[in-house]
Q: 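Below: one structure in structure tokens.
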There are 2 protein chains.
Amino acid sequence: MRLVIARCSVDYVGRLTAHLPPATRLLLIKADGSVLVHSDGGSYKPLNWMSPPCTLKEAPADDGTASWVVTNKAGEELRISIEEVLHDSSHELGVDPGLQKDGVEAHLQILLAENAEVLGEGWRVVRREYPTSIGPVDLLCKDAAGASVAVEIKRRGEIDGVEQLTRYLDLMNRDPLLAPVSGVFAAQEIKPQARVLAEDRGIRCVVLDYDELRGMDDKESRLF
Amino acid sequence: MRLVIARCSVDYVGRLTAHLPPATRLLLIKADGSVLVHSDGGSYKPLNWMSPPCTLKEAPADDGTASWVVTNKAGEELRISIEEVLHDSSHELGVDPGLQKDGVEAHLQILLAENAEVLGEGWRVVRREYPTSIGPVDLLCKDAAGASVAVEIKRRGEIDGVEQLTRYLDLMNRDPLLAPVSGVFAAQEIKPQARVLAEDRGIRCVVLDYDELRGMDDKESRLF
DNA sequence: GCTTGAATTTCGTCG
DNA sequence: CGACGAAGTTCAAGC
């Protein structure tokens, strides 16, 4: 990894065209040739960049300035004109073991599948990732009366999720072996618009409490 | 901006929990206190990070190792344990003038509006961004026979775009002054699922050639 | 300030 | 390898 602090201007021509006027920035060149241009603020996203695989060519000019040209196979080009270098160092980092995550949608689905009673007393899970021709339904349940319920789980419940569940319900209700199937939209947080749309379509909304679900899981583990 | 190359392990507890085992990485501390942890590969996204506004507290331990704790108002926490520092430098960058972009979807819309004949012979644009109560339709056209057509334009045509257009069509077809309104889903690239859904709903799919549209535009400019 | 839709999205998984 | 969906999405424009 090479770190360069330099006064530079940057031009990108590819999926769009973009330009950065001259200013002092961090230029980060990774081992795979990818380049990140960072300013001293904003978020984790660079001002501009080139993703790997790509190649960097350094072309010194007569006037002492340098030009870096980073290209990839698709013909996208990142051109960096360097006026003044304030820092330049290289470092060996090696391969990173990578990030271990916990607590995303997949986890929510597992927890809810193990605690279907959160959705209603006497409810049970028929199966997770119930397959349909347009994709898998997160949970297929049966309520206390034995009626089928399709459950769509999201971390954040927005309008797209309601549309998705609606498509599943349309399809499943055409299957005489399954119909009638009702719907539950379950999420840690449900946006008002999504709730209105869901309820207008007769879909019940359930707000999930991740910590509570995890707690129930712990209790269950302790009991058995 | 402070650049630190160090052997470290990282833990994040916030919207999820995540852990990075010990390895050598770049720690980037921006002027606003935000922190980025980068490895020597991957894309522009850091392995882990804390977005501003946040505060960094450095707590030296007895055994020579240091611990950085970065927290924000929401109670999220990024904890970095540093075993060995290989590089540490600070730099004044100043405020960045920022990125100037030159559009994608907006540009597509302009080009298509100027070349409606791409959609069909004798077609004309009634207006761009035609307002409805649930949002603007990209293009409202009339075909050669004078029938109304709503056009949804995307760079990448996916299922969401079809849903969006469907909602517009449902609404517009309730307006007796407008109905009947048919739909066209236009994109540089249309995913198979989106195409199937669109055509199932009687929406025509049109793949746009950005370069060709631009070329037509040039020709037109030269003629007048 | 909140909501909505796009992104040079990136990143994973699954077929 | 492509397609599809999630993301600590982030980002920008509208209201």
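In what follows, chains are A, B, ... by sequence order, proteins preceding strands, each numbered from 1. Quick note: numbers below take in every heavy atom, side chains included, and nothing from hydrogens, waters or symmetry partners.
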Q: Whole angstrom is fine here: how far is it from CD in A:E158 over to C1' in C:dC2?
A: 13 Å
Q: To the side chain of B:S51, which of C:dT10, D:dT10, D:dA6 is closest?
A: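 Nearest to the side chain of B:S51 among the choices is D:dT10.
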Q: Reckon A:W49 has a side-chain N or O less than 4.0 Å from the OP1 or OP2 of C:dT10?
A: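 Result: yes.
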Q: Take the protein atom NZ of A:K30 and the nucleotide atom P of C:dT10, then report the distance between them rounded to whole Å.
A: 12 Å
Q: Could you tell me how far apart B:L16 (CG) and C:dC11 (C1') are, to the nearest whole angstrom?
A: 13 Å
Q: Can you work out whether B:G42 or A:E76 has the more 5'-proximal nearest nucleotide on DNA chain C?
A: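 Result: A:E76.
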Q: Using only side-chain N and O atoms of A:K154, determine if any of them is under 4.0 Å from OP1 or OP2 of D:dA6.
A: yes
Q: Looking at D:dA6, C:dT10, C:dA6, which one has an atom nearest to any side-chain atom of B:S43?
A: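 The listed nucleotide nearest to B:S43's side chain is C:dT10.
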Q: Closest nucleotide of DNA chain C for A:R156 versus for B:Y44: which of these residues is on the 5' side?
A: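 Nearest-nucleotide comparison on DNA chain C picks A:R156.
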Q: What I want to find out is whether B:K57 reaches B:E77 closely enough, with some N-O distance under 4.0 Å, to be called a salt bridge.
A: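 Looking at B:K57 and B:E77, the cut-off is not met.
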Q: Is it true that atom CD of B:E92 has more than 12 heavy atoms of other residues, nucleotides or ligands lying nearer than 6.0 Å?
A: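 Open: at most 12 neighbouring heavy atoms sit under 6.0 Å from CD of B:E92.
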Q: From the set C:dC11, D:dC11, D:dA6, return the single nucleotide nearest to any side-chain atom of A:E152.
A: D:dA6
Q: Whole angstrom is fine here: how far is it from CG in B:L47 over to P in C:dC11?
A: 10 Å
Q: Taking CZ from B:R195 and C1' from D:dA3, how many angstroms apart are they, rounded to a whole number?
A: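 Atom-to-atom, B:R195 to D:dA3, this comes out as 15 Å.
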Q: Between C:dA6 atom P and B:L165 atom CG, what is the distance in whole Å?
A: 12 Å
Q: Let's see if you can work this out: which of C:dA7, D:dT10, C:dT10 has an atom nearest to the side-chain heavy atoms of B:R155?
A: C:dA7
Q: Under 4.0 Å between a side-chain nitrogen and a carboxylate oxygen: does that hold for B:E114 and B:R128?
A: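 Salt bridge between B:E114 and B:R128, a charged N being under 4.0 Å from a carboxylate O: no.
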Q: Roughly how many Å is it from CZ in A:R15 to C1' in D:dC11, rounded to a whole number?
A: 16 Å
Q: Between A:R2 and A:S90, what is the shortest heavy-atom contact and its length?
A: CG-OG, 3.6 Å
Q: Round to the nearest Å and state the distance from B:K191 atom NZ to D:dC1 atom C1'.
A: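 Taking NZ of B:K191 and C1' of D:dC1, I get 13 Å after rounding.
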Q: Do the charged groups of B:D170 and B:R167 touch, with an N to O distance under 4.0 Å?
A: no
Q: Measure from the side-chain heavy atoms of B:P192 and tell me the nearest of C:dA6, D:dC4, C:dC11.
A: D:dC4
Q: Other residues, nucleotides and ligands only: do more than 12 of their heavy atoms fall within 6.0 Å of CZ on A:R79?
A: no
Q: Pull out every protein N or O sitting under 3.5 Å from an N or O of nucleotides 12-15 of chain D, one pair per line with the distance.
A:
none

Q: Contact between B:V181 and B:D175 at the side-chain level, heavy atoms closer than 4.5 Å - yes or no?
A: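 Of all side-chain heavy-atom pairs linking B:D175 with B:V181, none is under 4.5 Å.
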